[in-house]
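Computed over heavy atoms, backbone and side chain alike; hydrogens, waters and symmetry mates excluded.
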Number of protein chains: 2
Amino acid sequence: MENQFKQIATLIGDPTRATIMWTLLEGKAFTATELAIAVTTSPQNISMHLTKLVQANLLVVESQGRHKYYRFARKEIAYAIEAMISLVPPSISTQSTKTEKISGIKHCRTCYDHLAGKVGVALTDSLLQQQLLLDTSGGFEISPEGEKWFTEFGIPLTVLKQQKRSFLRPCLDWSERRPHMAGSVATALLDKMLLENWLRKTKDSRALTVTAKGKKEFQSRLGITI
Amino acid sequence: MENQFKQIATLIGDPTRATIMWTLLEGKAFTATELAIAVTTSPQNISMHLTKLVQANLLVVESQGRHKYYRFARKEIAYAIEAMISLVPPSISTQSTKTEKISGIKHCRTCYDHLAGKVGVALTDSLLQQQLLLDTSGGFEISPEGEKWFTEFGIPLTVLKQQKRSFLRPCLDWSERRPHMAGSVATALLDKMLLENWLRKTKDSRALTVTAKGKKEFQSRLGITI
DNA sequence: TCGACAGTTAAGTGCAAAATGAAGTGTTAG
DNA sequence: CTAACACTTCATTTTGCACTTAACTGTCGA
């Protein structure tokens, strides 16, 4: 197992392949040529690297006509890459400049079963600012006003509390580097937003798109401008 | 940030350095020479690699006389490595052979705030087998008999349930590749075992040692032979 | 049917970085 | 005080493997 780990580490560790993984974090599938452009290398070279990554079961390919679409073999791969990204030195310039273009997955995505990305963090921030959510030393807590808000939103808190699984906890966002809500409350919130058609899942990706209705609702209910 | 990620990936990705990280997962601090032996390379070489890892803030050094002790700079590093290990192909020979020597950290350790490693998994298995714990689709649940057991053990379940944090959830063990208990129940269980002197924390490591008393209690109460 | 395109395969090259050898500094133990 | 030890530094060698050049397979659009 030690050798297998070494193999995977060296596989991810090559600069070109690392950039491939970084690019694929986007969530969607990329063609070989798209990756070659994103990584700025030759088609032959990207082909070699992709072959290696597929052989190691880190990526999977899907042929469509003359194109080949590459993506992570399973979501654990993405989580491992995210874990590595979270090691990037907590530097001064971490707070990304406002001008930086935000790709789909960094904007709005699922993290296991709850909402993450810029929107997930913004949602949590909004609830905190309205004091519907309180940031205590032990994590997040829902205030009495918050309980009312969640109930009105259609989240049955009492039912969720009875569940044995995690109710509410902070989860660190790799792209925003800020905490956001996780736990059964966050899952229920995401489910409700999908059900109410605020958000829509994308095929083959953990990215979520905010619908027109969602934009309106985020604005009016939470003061969040998408 | 992309370049910083690439840097970290290549840093971990070198075979020698990957093995260093693997070795340090043990949790305890290693001297440069110990690592050179573990990795089977020369002192000069290990020195060079360790310097790089320290410069990147992945490791920290502590000088003690003529020795230098190296360990992970923060626990996130260990978690990232563990995430990478979890990518090791779900192969046939994953179920480790019984003869394989189990190092301290793989045997018994803390995972954030609860018990993990072989002992953590065995504890969970025992409770499941006695049907004090039930493995449902939504995670673990405590049976009525289980509630009695926990209460007798001195774990105030009703108090824990009122907490907003996760009550009980499965957590996948990287070394055993099997789930074990996490959440406030698991934390309370670990705290109690430390308080009752079943287990003892080790300095500078997430490894735990099972005391003589602990061995006896694990055997009689849970049928677990350490 | 043909040419442009997507991607692969094979052979050969180059270079960054890992390993090695030799010569240091600082520390401790006897 | 000296010798063994722990580790580092620097100059040199080695080498793995990423990348290139070139030739090829398969697919689509016109």
Side-chain angles (χ1 to χ4, degrees), chain A residues 2-24 28-73 204, chain B residues 2-24 28-73 204:
Chain A
E2 177 188 331
N3 286 316
Q4 290 176 298
F5 164 68
K6 215 189 295 183
Q7 216 177 307
I8 287 183
T10 51
L11 222 45
I12 301 178
D14 170 79
T16 305
R17 285 190 295 260
T19 313
I20 293 176
M21 300 310 255
W22 171 276
T23 307
L24 286 176
K28 72 173 193 213
F30 281 77
T31 66
T33 312
E34 281 172 340
L35 283 170
I37 293 166
V39 176
T40 54
T41 186
S42 66
Q44 305 92 301
N45 200 28
I46 209 88
S47 177
M48 176 207 63
H49 287 301
L50 289 173
T51 307
K52 290 192 178 183
L53 290 169
V54 169
Q55 270 170 358
N57 286 307
L58 292 179
L59 302 185
V60 287
V61 214
E62 209 172 322
S63 289
Q64 258 175 52
R66 54 182 169 185
H67 297 278
K68 285 199 172 182
Y69 287 92
Y70 291 86
R71 57 187 165 81
F72 289 133
D204 284 336
Chain B
E2 177 186 330
N3 285 317
Q4 290 177 300
F5 164 68
K6 217 189 295 185
Q7 217 175 306
I8 286 182
T10 51
L11 221 45
I12 301 177
D14 170 78
T16 305
R17 286 191 293 261
T19 313
I20 292 175
M21 299 310 253
W22 170 276
T23 307
L24 285 176
K28 71 174 195 212
F30 281 79
T31 65
T33 312
E34 281 170 341
L35 283 169
I37 293 166
V39 177
T40 55
T41 187
S42 66
Q44 305 95 293
N45 201 27
I46 209 88
S47 177
M48 176 206 63
H49 286 301
L50 289 173
T51 306
K52 290 190 178 183
L53 291 169
V54 169
Q55 270 169 357
N57 286 308
L58 293 178
L59 303 186
V60 286
V61 214
E62 208 171 323
S63 290
Q64 258 173 52
R66 55 182 168 183
H67 297 277
K68 283 197 172 184
Y69 287 92
Y70 291 86
R71 59 189 164 80
F72 288 133
D204 283 336

Closest listed nucleotide, where the reference is the side chain of A/Arg17 and the choices are D/dC5, D/dT21, D/dA18: D/dA18
Nearest-angstrom distance from the residue atom CD of B/Gln64 to P of C/dT28: 10 Å
From CD of A/Glu62 over to C1' of C/dA6, roughly how many Å is that when rounded to an integer? 16 Å
Taken to the nearest whole Å, CG/B/Asn45 to C1'/D/dG16 is 14 Å
Is there a side-chain contact between B/Met21 and B/Phe72, using heavy atoms and a 4.5 Å cut-off? yes
In whole angstrom, what separates A/His67's NE2 from D/dC28's C1'? 9 Å
With heavy atoms under 4.0 Å as the rule, sort B/Thr16 into base, sugar-phosphate or nothing. sugar-phosphate
Using whole Å, report how far CE of B/Met48 lies from P of D/dA11. 16 Å
By the 4.0 Å heavy-atom rule, please label B/Thr51 as base, sugar-phosphate, or nothing. nothing
If you only use heavy atoms from C-beta on, which nucleotide in C/dA18, D/dC28, C/dT27 is closest to the side chain of A/Arg66? D/dC28
What residues, two or more places apart in sequence or in another chain, satisfy ring-ring contact (aromatic ring centres under 6.0 Å, His included) together with A/Phe5? B/Trp22
Options D/dT8, D/dC19, C/dT8, nucleotide nearest the side-chain atoms of B/Gln44: D/dT8
Under the side chain to side chain contact (heavy atoms under 4.5 Å, CB included) test against A/Ile20, which residue among A/Val39, A/Leu58, A/Asp14 passes? A/Val39
Under 4.0 Å: is that the gap between some side-chain N or O of B/Lys52 and OP1 or OP2 of C/dA18? yes
Got a donor-acceptor contact below 3.5 angstrom from the B/Thr10 side chain to the B/Gln7 backbone? yes
Atom OH of B/Tyr70 and atom C1' of D/dA6 are separated, to the nearest Å, by 10 Å
Identify whether any heavy atom of A/Tyr69 sits under 4.0 Å from a base atom; if not, whether one sits that close to sugar-phosphate; answer base, sugar-phosphate or nothing. nothing
Just compare D/dG26, C/dT20, D/dA6 and give me whichever is closest to any side-chain atom of B/Ser42. C/dT20
For B/Lys6 and D/dA18, what is the distance between atoms NZ and P respectively, to the nearest whole Å? 14 Å
Upstream residue (5' side of DNA chain D) when A/His49 and B/Ile46 are each assigned their closest nucleotide: B/Ile46
Does A/Lys68 place a side-chain N or O at less than 4.0 Å from the phosphate oxygens OP1/OP2 of D/dG26? no
To the nearest 0.5 angstrom, please state how far the NZ atom of A/Lys68 sits from the CG atom of A/Leu50. 9.5 Å
In whole angstrom, give the distance that lies between atom CD1 of A/Ile12 and atom P of D/dA18. 14 Å
